[in-house]
Amino acid sequence: MSKIVVPGQYIVPAYKLKPNSDKQIERYVPGKGTIISQIEAEGKQIPVVVATILGKVLIKEIEKEEKDDVKTFVVVVVPKSNSYIDYEAEFNSKALEAASISINLPKENDIVLVKITKITQKQVNCEILSVEGFGNVLADGGVGANGETAHASLPSGGGSQNLSSHQTIASSQSTALGAQTDDIGENFKGIIRSQDIRSTDRDKVKVIESYKPGDIVRAMIISLGDGSNYYLSTARNDLGVIFAKSENGSGNLMYPVDWQNMIDVQSGLVEKRKCANPFA
Amino acid sequence: MSDRRRLIGPLNTIIPNIGISSNATEADVFKGPSSATRNEDGLRQFFLKTGIIENANGSAYLEVGGNIIQVSVFGPRPIRGSFVDRASFSVECKFLPYISQPNEQLYNNTTVNAGSTANTGPTNANANGRTGLTNIEQKISSYIETALLPSIVLEKYPKSTIDIFVTILSTESSNSGSTKVDAALLGISNWVLNCSSVALVDSGIELKDVVTSGVATLKNDKLLLDPEVISSGEDNENTLTCVVSFMNLRNDEIVGFWMEGDQSKFEESQVEQLIDGCNNMSRQVRANINSYFTSTLE
Amino acid sequence: MSKMILSPAERSYLYDSLTQAPPIRPDSRTDHQFRPLEAKTSFLPGSNGSARIRLMDGSECIVSVKSKVVLSALESSLIECDIDVSGFRDDSNFVSNLKFYLTNLLQHNFPTQYLKLTSRYAFKLFIDCIVISHSSYPLSLISLTTYLALKTTRLPLLVSDVNDEEVAEQPTFSDDWDNAKYIGDFMKDGEVFQPPIFITLGVIGPNLIFDPSTEEEQVLENGLIVSFYGNKVITPISNINLATNSNNSNFKGLNRSLITKAMALGNKYCPAVVKALDTLIEQDDEEGTIF
């Protein structure tokens, strides 16, 4: 039965003596949902692995390339909300990198599901719906602080104060750097450049034959990008269109035939898409 | 003699009893059910519930004494503008429009309605009719923001923003115009901070620790934790009040400190006493919050 | 008003030098030294009192004090403040908090009994501040300028009867402006009029530094605002994030011992600050006023 922890709770010191030994050291590395804090004890600062979210603790040993006497363990806190988490893949030497960005925000090499919003000849714009294995990025399902009636004409800050600007609320930083909230329930945005759509014949790609607006696509984050967009790639067999509707969304659900075609079973229409291979 | 310049009503008239004061004294004003229940350490019982707003990433609702507070947390959500390597953080605190804010006549420039015997009517909104935040709301927002900022692991949320929205549904300071009682403003700030911390935990945003807060008053050398705002007759003479907020599991480091009072002089020992008292209260609040969260996971 | 953005190298350098014992400050001040300033008083013809302080980096603040005769019963407070910071909206969090601090300070720490004229009437003071330009957090600048303005405020001399219990009459004043008195002149028993001031302290490592400059504010771990009146440190005292509108990643909680240390330092060094301001006024007076 794993222990329930609250943010700030000490889990285990970063270095511990192996039980029944006074020479061998065990090392504990912070994974998702934890950080190392310097805690003062008896006048000294000791690094301790501390929980940062509410959840249950999971500790697992990781295999290292060089065998040495120090055993390394990854400490992870699993939140209640994520029922389909598979943390197994995290238990390798990349655990530390994995913890650098929080659980539900997309980061490099994450697989995400996106919805295509716009296509041009050079790139495809999309919004990120969910990170595979961790659930939806926005808990409010895109509704925002103002509910379903929110729309672009409301001022930033949500319209709860008529004369608002971002300066009127207590905010310590980033206003100088221009961070303004788009409080209309907008998702994080992404871009798939035409050369990242597939791995072969990258310069001869026709975007119109790969994706259409409204398609749900499985993609991989290749870069955090700038303030407005993540950069994604579908250049793998298991990446590409998962769901699409025929005739620009007005028709029926289509099924993939091969990696280049999808068929609407009811009407028999075949449309060109870059499909994801559902089989391993 | 009939007066032909004026229209006079019928002679047999009765004036209805509208607008006549009931002469309710301050003490009759509702104080909340828990005003009598305090445990041995002086802390009042409080009611806490999270996850009440499905729209938001995190939310919390707190009732203590006559104070009712609701907090919702939105984030991390996308921003417009250039890349920032850490999340932007903001707090907005609003009272409901018809709630009187503590010490509002002084800080919000609302005018006294001369000649009225009962409490003045709908107050809020700044005297010049603006509907933005009042000075008191800005001050509370600032206090919460300064205190919570060190606790969030902002580096884990690049190009995002985390926003906290606080709504104060009721306060127990019935004497809206009084410039004399510090405990009202400091007390509500204390509970707003505790409630905001809980909402942040509920949102799943990574925190270095849960910030908890305590408020205490030293009056005539007597220390009182979580002072209840009792209406008439209270003033600040010989009182020192402060709200201190801690990260208990990080060596009790102080993230928020706000002290007011009317003492002409005070000693360092009194300040130490107050900080100890607030620490005591914050630990108790933390213990209660911890057990609340553990029970939600079981 | 410059928005200070420091590179990681600059931050690290500043942080390391400020955490030394004693702290090494970029302008080589000691930990309790204020930045040099120049000031002028009594230059606004339409105001009862006025003052202006200018710092070497161009930060400038002007405060004007005006008076009005009011019926005491109708006023909740005899002092009203307003602050205008150029470049910020009046309803912004930044300005609202400055206003709150100043109102709070003056409300609790001002001898309003000397503003009373008769049992019915009193002077109400309107204190208006304009921060024309600032680099670091302007609260201390504003409060020092307010100190100078209040200390040199002159109020018209009452010539009508002080006792108007029985016979209500409007107060009348001497037409000769030379008869106007300073607020300090009303005080008795050798008491001196010294309005309250705010000082800002920066918390960095184990050190507390007075009057942090803009670069120093960017690397502070926390900040404290301490009030000083009647020759000692008094409330309001609170902590504050001085690095507004910037990416200060050093911000963290402070140790409780630093709060009592701040009070002790305030008691030790603020009398000199007040004395310096008083000397400034005396020297200014010797030059003769503009009028």
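Lettering follows sequence order; numbering is per chain, from 1. Just the heavy atoms: all of them, side chains too, but no hydrogens, waters or symmetry mates, feed the values below.
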Legend entry - C:Tyr229 portion near chain B, given a 4.5 angstrom heavy-atom threshold: neither
Inset, instruction - Would you mind reporting whether C:Asn93 and B:Ser142 have side-chain heavy atoms less than 4.5 Å apart? - result: yes
Inset, instruction - List in chain and number order the residues that pass salt bridge (Lys or Arg N to Asp or Glu O under 4.0 Å) with C:Asp82, two or more places apart in sequence or in another chain; answer none if no residue qualifies. - result: C:Lys99
Legend entry - Sequence neighbours excluded, every pair satisfying ring-ring contact (aromatic ring centres under 6.0 Å, His included) that has a member inside residues 255-275 of chain C: C:His32-C:Tyr269, C:Phe210-C:Tyr269
Legend entry - Residue C:Lys232 versus chain B: region with a heavy atom under 4.5 Å: side chain
Inset, instruction - Might you work through the side-chain contact (heavy atoms from CB on, under 4.5 Å) test for B:Glu260 and C:Asn104, ending with a clear yes or no? - result: CA-CA 9 Å; B:Glu260 299 276 357; C:Asn104 194 7; 2.5 Å; yes
Inset, instruction - Heavy atoms only, distances under 4.5 angstrom: which of B:Lys139, B:Glu268, B:Glu272 has the most pairs with chain C? Name it, please. - result: B:Lys139
Inset, instruction - Heavy-atom distances under 4.5 Å only: say whether B:Asn279 touches chain C with side chain, backbone, both or neither. - result: side chain
Legend entry - Heavy-atom proximity to chain B below 4.5 Å, by part of C:Asn109: neither
Inset, instruction - Kindly indicate whether the side chain of B:Leu133, heavy atoms from C-beta on, has any atom under 4.5 Å from the side chain of C:Asp91. - result: no
Legend entry - Under the ring pair (Phe, Tyr, Trp, His ring centres under 6.0 Å) test, residues paired with C:Phe251 that sit two or more places apart: none
Legend entry - Mutual orientation of the aromatic rings belonging to B:Trp258 and C:Phe100 [parallel < 30°, tilted 30-60°, perpendicular > 60°]: perpendicular
Inset, instruction - Please answer whether the main-chain N or O of B:Gly261 pairs with a side-chain N or O of C:Thr235 as donor and acceptor at a distance below 3.5 Å. - result: yes
Inset, instruction - Please report the shortest heavy-atom distance between B:Pro150 and C:Gly253, naming the atom on each side. - result: CB-N, 4.2 Å
Legend entry - Student check: side-chain heavy atoms of B:Arg250 and C:Lys252 closer than 4.5 Å: no
Inset, instruction - Flag yes if more than 12 heavy atoms outside B:Asn220 fall under 6.0 Å of its CG atom; otherwise flag no. - result: yes
Legend entry - Nearest-0.5 Å distance that lies between atom CG in B:Leu186 and atom OG in C:Ser238: 10.0 Å
Legend entry - Between CG on residue C:Asn97 and CG on residue B:Asn135, distance to nearest 0.5 Å: 8.5 Å
Legend entry - Over all atoms of both residues, closest heavy-atom pair of B:Gly256 and C:Asn239: CA-OD1, 3.5 Å
Legend entry - B:Phe266 versus C:Ile234, closest heavy-atom pair with distance: CE2-CA, 3.5 Å
Legend entry - Note, C:Ser249 side chain near B:Arg86 side chain (heavy atom, < 4.5 Å): yes
Legend entry - Interatomic spacing from OH in B:Tyr107 to OG in C:Ser77 - rounded to 0.5 Å: 9.5 Å
Inset, instruction - Select one option (side chain, backbone, both, neither) describing which atoms of B:Asp209 are under 4.5 Å from chain C's heavy atoms. - result: neither
Inset, instruction - Tabulate, in ascending numerical order, the residues of residues 255-267 of chain C having at least one heavy atom closer than 4.5 Å to a heavy atom of chain B, or enter 'none'. - result: C:Arg256, C:Ile259, C:Thr260, C:Met263, C:Ala264
